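Here's the structure we're looking at; comments come further down.
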Number of protein chains: 2
Amino acid sequence: MSRQPATTDRRIEILKSAAAAFRRRGYHGASVDEIASALEMTKGNLYYYFKNKEEILFACHEYSLGKLLVLMDEVEAESLSPDARLRRLVLAFVHLILDDLHGTALTLDPEALSPPLLKRIIAKRDRFDHGIRTIIQQGIDQGVFKPGDPKMIEFAMMGAINWISKWFDPNGAMTSDQIGDAFADYLVGGLQQ
Amino acid sequence: MSRQPATTDRRIEILKSAAAAFRRRGYHGASVDEIASALEMTKGNLYYYFKNKEEILFACHEYSLGKLLVLMDEVEAESLSPDARLRRLVLAFVHLILDDLHGTALTLDPEALSPPLLKRIIAKRDRFDHGIRTIIQQGIDQGVFKPGDPKMIEFAMMGAINWISKWFDPNGAMTSDQIGDAFADYLVGGLQQ
DNA sequence: TACGATTTTAAACGTTCGTTCAAACTCGTG
DNA sequence: CACGAGTTTGAACGAACGTTTAAAATCGTA
């Protein structure tokens with residue numbers, strides 16, 4: 001286990017501050033100065049760690065999607081029935097979004113990225129989407145899920161989960177555990193026949 | 001039936017152009033000039049119809065929410081069972097978003113509004129949320145829906161539907177009819193026991 | 001046609017923002 | 001202590017943007 005260089009830590013701090021700012025105001029609404037000030041650094045200093053603002057947004061997406069795909073790989077490695085597998089993914093996804101990414105997931109407007117960077121993000125997201133869809137299709141094929149269009153169902157599920165960041169209140173009554181359970185019950189339970 | 005003044009028509013055209021721009025680039029990412037150019041008018045001219053950019057965003061939200069609440073009132077006036085009523089609302093909601101508002105609904109970042117305007121938007125949105133939740137609660141009480149937290153279920157439903165604007169492609173294979181049916185099947189059908 | 005109200009224009013403004021850069025500072029190591 | 005690489009600063013820039021404004025154009029109507 002080699003220690004990662006100090007700049008990596010700093011880069012991650014910047015990403016967290018940037019993600020928070022982007023979440024609050026959107027990519028164009030958040031200023032570079034705002035991201036830097038939250039870390040008590042000057043905005044010029046950010047450019048020692050990142051080439052420009054767009055690269056920061058890109059890194060945010062890479063970070064989130066990376067975690068998501070690791071999650072997917074882990075769950076795929078387990079031998080579970082489609083419904084158990086889907087439930088585990090929903091729970092883990094909700095927890096990842098709320099506890100780790102603090103509401104940030106696929107919500108940080110990717111359209112703000114220039115085409116070449118956007119393409120790379122979409123490619124990763126597609127891998128995740130495809131994984132979910134495959135599980136749904138398997139569930140339908142095996143008769144544990146009601147018949148339906150896996151693509152539409154997956155879009156609905158992902159929308160429901162991604163939307164959480166719009167209403168979640170860390171100081172509110174609902175914990176991420178409760179939200180995860182409620183969502184799994186509704187989104188996966190509703191699929192079972 | 002009195003004809004509405006010409007300025008009203010022009011205002012609506014502006015709102016449509018603005019909504020499209022806001023949808024593409026977000027409120028801060030879309031420029032006033034972009035909104036005006038699409039209508040072949042100068043940006044200065046916009047200020048004859050609206051006080052400022054924020055008022056345009058506010059009017060977009062008022063317009064959308066107004067339609068949503070009219071919808072809700074219409075459905076409430078019909079005497080239907082909770083499941084039929086919820087299904088009708090989901091279908092109408094999907095159609096409203098896709099056919100009429102062209103993907104715009106509660107997605108146009110409301111957080112960009114200043115507190116006083118935001119408050120008015122939230123108040124309207126709450127009325128709609130409450131209406132949906134009431135139907136879900138009635139369904140649970142009457143035993144046609146599985147037990148669950150109406151608030152979480154409503155958040156999940158609204159998230160799924162609002163998210164449609166992120167992936168919908170007007171030139172794609174899915175029509176708004178098909179999407180509506182698929183969503184109603186999954187979101188309402190999954191609730192029935 | 002002529003008048004007044006409505007609508008549009010084009011230029012200018014003040015500000016904010018992303019980015020650059022040369023100089024200054026920090027800190028571990030020889 | 002001295003050196004040099006790594007890091008931070010603060011000021012400056014050019015461009016983009018929202019908004020204002022006075023003048024011009026348009027249009028309905030008498």
Side-chain angles (χ1 to χ4, degrees), chain A residues 2-61 108-114 116-118, chain B residues 2-61 108-114 116-118:
Chain A
S2 66
R3 282 282 288 115
Q4 48 192 352
T7 52
T8 304
D9 292 343
R10 206 89 174 109
R11 275 175 62 101
I12 291 183
E13 281 180 50
I14 293 172
L15 289 188
K16 290 197 173 174
S17 171
F22 292 157
R23 198 180 333 120
R24 276 196 306 271
R25 303 207 203 275
Y27 175 73
H28 289 105
S31 72
V32 172
D33 192 57
E34 184 181 351
I35 297 168
S37 295
L39 299 170
E40 298 187 282
M41 50 165 66
T42 60
K43 63 175 173 171
N45 198 6
L46 285 189
Y47 288 80
Y48 178 73
Y49 296 95
F50 291 95
K51 208 172 93 227
N52 51 32
K53 192 184 178 187
E54 189 190 7
E55 257 211 357
I56 297 178
L57 177 62
F58 178 71
C60 284
H61 275 108
L108 300 186
D109 23 24
E111 331 80 44
L113 293 170
S114 60
L117 294 185
L118 179 58
Chain B
S2 66
R3 281 281 289 116
Q4 48 191 353
T7 51
T8 304
D9 292 342
R10 206 90 174 107
R11 276 175 62 101
I12 291 184
E13 282 180 49
I14 294 172
L15 290 188
K16 292 199 172 173
S17 171
F22 292 156
R23 197 181 335 122
R24 275 197 306 271
R25 304 206 202 276
Y27 175 73
H28 290 106
S31 72
V32 172
D33 191 57
E34 184 181 351
I35 297 169
S37 295
L39 299 170
E40 299 185 282
M41 51 165 67
T42 60
K43 62 175 175 173
N45 199 4
L46 285 190
Y47 289 80
Y48 177 75
Y49 297 94
F50 292 94
K51 210 173 89 228
N52 51 33
K53 191 183 179 188
E54 188 190 7
E55 257 211 355
I56 297 179
L57 177 62
F58 178 71
C60 284
H61 274 107
L108 299 187
D109 21 26
E111 330 81 43
L113 293 169
S114 61
L117 294 186
L118 179 57

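Here is how names work: the chains are called A, B, and so on, in the same order as the sequence lines, proteins then strands, and each is numbered from 1. Just so it is clear, the structure is predicted and the values come from calculations on it, not from any experiment.
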Measuring to OP1 and OP2 of [N], would you say a side-chain N or O of [X] lies under 4.0 angstrom away?
X       : N      : value
B:Arg10 : C:dT6  : no
A:Thr42 : D:dG10 : no
B:Tyr49 : C:dT8  : yes
B:Tyr48 : C:dT7  : yes

Inset, instruction - Output all residues satisfying side chain to side chain donor-acceptor pair (under 3.5 Å) with A:Glu55, sequence neighbours left out; order by chain, then residue number. - result: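 For A:Glu55 there are no side chain to side chain donor-acceptor pair (under 3.5 Å) partners, ignoring immediate neighbours.
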Rounding to an integer number of Å, can you tell me how far [X] [atom1] sits from [N] [atom2]?
X       : N      : atom1 : atom2 : answer
B:Met41 : C:dT9  : CE    : C1'   : 12 Å
A:Leu46 : D:dT7  : CG    : P     : 14 Å
B:Asp33 : D:dT19 : CG    : P     : 13 Å
B:Asn45 : D:dA25 : CG    : P     : 15 Å
B:Tyr47 : C:dA12 : OH    : P     : 18 Å
A:Glu54 : C:dT19 : CD    : C1'   : 14 Å
A:Lys43 : D:dA11 : NZ    : C1'   : 10 Å
B:Asp9  : C:dT7  : CG    : P     : 11 Å

Inset, instruction - Answer with base, sugar-phosphate or nothing: what part of the nucleic acid does A:Ser31 contact at a heavy-atom distance below 4.0 Å? - result: sugar-phosphate
Inset, instruction - Could you check whether B:Ala36 gets within reach of a base, just the sugar-phosphate, or nothing at all, counting any heavy atom under 4.0 Å? - result: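 It contacts nothing in the nucleic acid.
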Legend entry - Among A:Lys16, A:Arg10, A:Arg11, side chain to side chain donor-acceptor pair (under 3.5 Å) partner for A:Glu13: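 For A:Glu13, the side chain to side chain donor-acceptor pair (under 3.5 Å) check succeeds only for A:Arg10.
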Legend entry - CG on B:Leu108 to SG on B:Cys60, rounded to 0.5 Å: 6.0 Å
Legend entry - Expected output: side-chain A:Lys53 to main-chain A:Tyr27 donor-acceptor under 3.5 Å: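 Indeed, once roles are kept as given, a pair shorter than 3.5 Å links the two residues.
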Inset, instruction - Could you tell me whether a side-chain N or O of B:Glu34 sits under 3.5 Å from a main-chain N or O of B:Ala21, the two making a donor and an acceptor? - result: no
